[in-house]
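This report refers to the structure that appears directly beneath it.
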Amino acid sequence: MRARPIAPAALLLPLTLLLAACGGSSGAAGAGGGAGSGTDGKGSLTLNVGDQKGGYEALLRAAGELDDLPYKIKWSTFTSGPPLLEAVNAGAVDVGGVGNTPPVFAAAAKSKIKVIAGTHSSSEGEAVLVKKGSPLKRPAQLKGKSIAVAQGSSAHYQLIATLKKAGLTPKDVTLNYLQPADALAAFTRGKVDAWAVWDPYTSQALDQADARVLTTGQGVVNGLGFQVAAPAALDDKKKSAALKDYTDRVRRAQNWVFKHPDVWSKAWAKETGLPEKVALDAVKRTRGTAVTVAVDKGAIASEQQIVDSFAALKLIPRSFDFGKFVDPRFNGGLPPSSTAPRTYGKAQ
């Protein structure tokens with residue numbers, strides 16, 4: 001696999017360095033985080049929750065789910081999923097939400113993590129973008145082209161799966177491992193032929209970067225996101241009860257978002273600096289479609305495909321049993337992972 005570096009370019013669009021909570025998480029080496037952003041609730045028990053900007057803290061607050069907490073939540077903000085899971089492994093964070101790929105890399109590194117809850121979202125926002133004037137019309141034409149993607153992100157797997165479906169491998173293209181801000185600049189300046197990315201970046205590029213969708217993750221990736229907890233927190237009866245309550249609050253908040261996309265998109269835009277139109281597009285395309293699902297055999301089998309794909313490409317040291325990193329104790333009453341995401345109709 002070739003990887004041609006691109007010098008970081010000045011950001012050409014007003015883009016806040018955002019999250020990928022729920023949908024997907026960027027994962028460059030050296031990405032960090034953990035800055036405290038406050039505490040909610042009351043009581044003697046404190047649940048340490050890892051988050052990404054504009055993520056679950058903002059979501060739960062907007063939905064009113066942080067009112068009358070019978071325990072404290074201490075929030076820590078991370079740039080992306082991989083460093084958040086490093087904090088879970090270290091015991092600095094009890095739980096945090098990430099996309100479908102960071103747990104694979106964390107588990108491959110033998111991190112102390114357990115996947116405890118899942119969501120299934122539309123994969124329309126997982127996209128490979130090209131410029132509107134690009135001659136590329138189908139994924140098979142990516143052969144020999146340069147593609148920006150965040151290493152270890154959900155978009156990384158989506159790109160690999162897209163190439164495979166088109167009869168290509170990563171060796172047939174030039175991968176440029178760039179975080180979204182640098183990737184956006186490279187894409188805008190024509191330094192790469194395509195960009196594999198997730199919402200809200202997809203929606204922003206379509207709105208502001210003269211982009212069009214070459215292909216999406218629909219039918220290619222699983223659309224899953226996860227809450228990942230520290231085994232020590234699960235072994236503590238009081239913290240385990242708080243984790244159950246927390247995941248219930250997340251589920252109710254996601255139900256609220258689907259019913260109030262305009263209210264949430266305005267709150268999300270204020271939190272992240274996204275234009276309100278872009279935020280609303282991202283909510284309706286992807287982020288508002290999430291439905292809470294069980295982390296069941298189907299979810300484990302789907303994640304195992306990601307494990308095996310990355311192992312075959314030697315992007316992780318070896319294959320392993322993803323099921324060993326799942327704790328299904330909170331699955332009761334939740335629909336199966338195959339449950340269809342919600343929809344607002346055709347994406348804008």
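If you're wondering where the values come from, they're calculated on a predicted model, not measured in any experiment.
- Using a 4.0 Å cut-off between charged nitrogen and carboxylate oxygen, D248 and K244 count as a salt-bridge pair.
- In this structure, the side chains of V95 and Y56 stay at 4.5 Å or more apart for every pair of heavy atoms.
- Atom CZ of F226 sits about 12.0 Å away from atom CD1 of I116, to the nearest 0.5 Å.
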Self-check item: Evaluation steps, side-chain contact (heavy atoms from CB on, under 4.5 Å), between L60 and V250
Solution: CA-CA 7 Å; L60 291 166; V250 169; 4.3 Å; yes
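- Annotation for D68: atom CG does not count as buried by contact number, only 12 or fewer foreign heavy atoms lying within 6.0 Å.
- At a threshold of 4.5 Å between side-chain heavy atoms, the hydrophobic network of Ile, Leu, Val, Met, Phe, Trp and Tyr places L334 and L243 in two separate groups.
- With rounding to the nearest 0.5 angstrom, the CG atom of D67 is 8.5 Å from the CZ atom of R249.
- For the pair P261/Y344, a side-chain contact is recorded, criterion being any heavy-atom separation below 4.5 Å from C-beta on.
- Between the side chains of R285 and S203, at least one donor-acceptor pair of N or O atoms lies under 3.5 Å.
- With hydrogens and angles ignored, the 3.5 Å screen pairs a side-chain donor or acceptor of T289 with a backbone N or O of S122.
- Annotation: side chain of P275 is in contact with side chain of Q204 (closest heavy-atom distance under 4.5 Å).
- In this structure, W264 has its ring center no closer than 6.0 Å to that of H260.
- A perpendicular orientation is assigned to the rings of H156 and F310, their planes being inclined by more than 60° (bins at 30° and 60°).
- The backbone N or O of A233 lies less than 3.5 Å from no partner atom in the side chain of D236, so there is not a single donor-acceptor pair.
- Taking a cutoff of 4.0 Å between a charged side-chain nitrogen and a carboxylate oxygen, K277 and D281 qualify as a salt bridge.
- In this structure, Q304 contributes its side chain and F322 its backbone to a donor-acceptor pair below 3.5 Å.
- In this structure, R318 places its CZ atom where more than 12 heavy-atom neighbours from other residues, nucleotides or ligands lie under 6.0 Å away.
- Formation of a donor-acceptor pair under 3.5 Å by the S309 side chain with backbone atoms of Q305 is found in this model.
- With contacts defined as side-chain heavy-atom distances shorter than 4.5 Å, the pair R61/D40 qualifies.
- Between P170 and the choices L313, L315, I147, the side chain to side chain contact (heavy atoms under 4.5 Å, CB included) rule is met once, by L313.
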Quiz item: After noting the C-alpha distance and the side-chain angles of S337 and D296, does the key distance pass the side-chain hydrogen bond (donor to acceptor under 3.5 Å, both in side chains) rule?
Solution: CA-CA 7 Å; S337 60; D296 54 16; 2.6 Å; yes
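- No hydrogens or angles considered: a donor-acceptor pair under 3.5 Å links the side chains of N222 and E303.
- With 3.5 Å as the limit, one finds no donor-acceptor pair spanning the side chains of T119 and Q254.
- At least one side-chain heavy atom of L184 sits less than 4.5 Å from a side-chain heavy atom of W195.
- Within the 4.5 Å cutoff, the side chain of S111 has no heavy atoms near those of the F105 side chain.
- In this structure, the side chain of Q218 engages the main chain of S123 through a donor-acceptor pair within 3.5 Å.
- Rounded to the nearest 0.5 angstrom, D94 CG and Y246 OH are separated by 11.0 Å.
- With a 4.5 Å cut-off on side-chain heavy atoms, R329 and L234 count as touching.
- Closest heavy-atom contact between P328 and V295: CB-O, 4.4 Å.
- Contact between V93 and A230 at its shortest, heavy atoms only, is O-CB, 3.8 Å.
- Under the 3.5 Å distance criterion, with hydrogens and angles disregarded, no donor-acceptor pair is assigned to the side chains of D51 and T77.
- Under 3.5 Å, the side chains of S319 and D308 contain a donor-acceptor pair of N or O atoms.
- In this structure a side-chain-to-backbone donor-acceptor pair under 3.5 Å is missing from K191 to A185.
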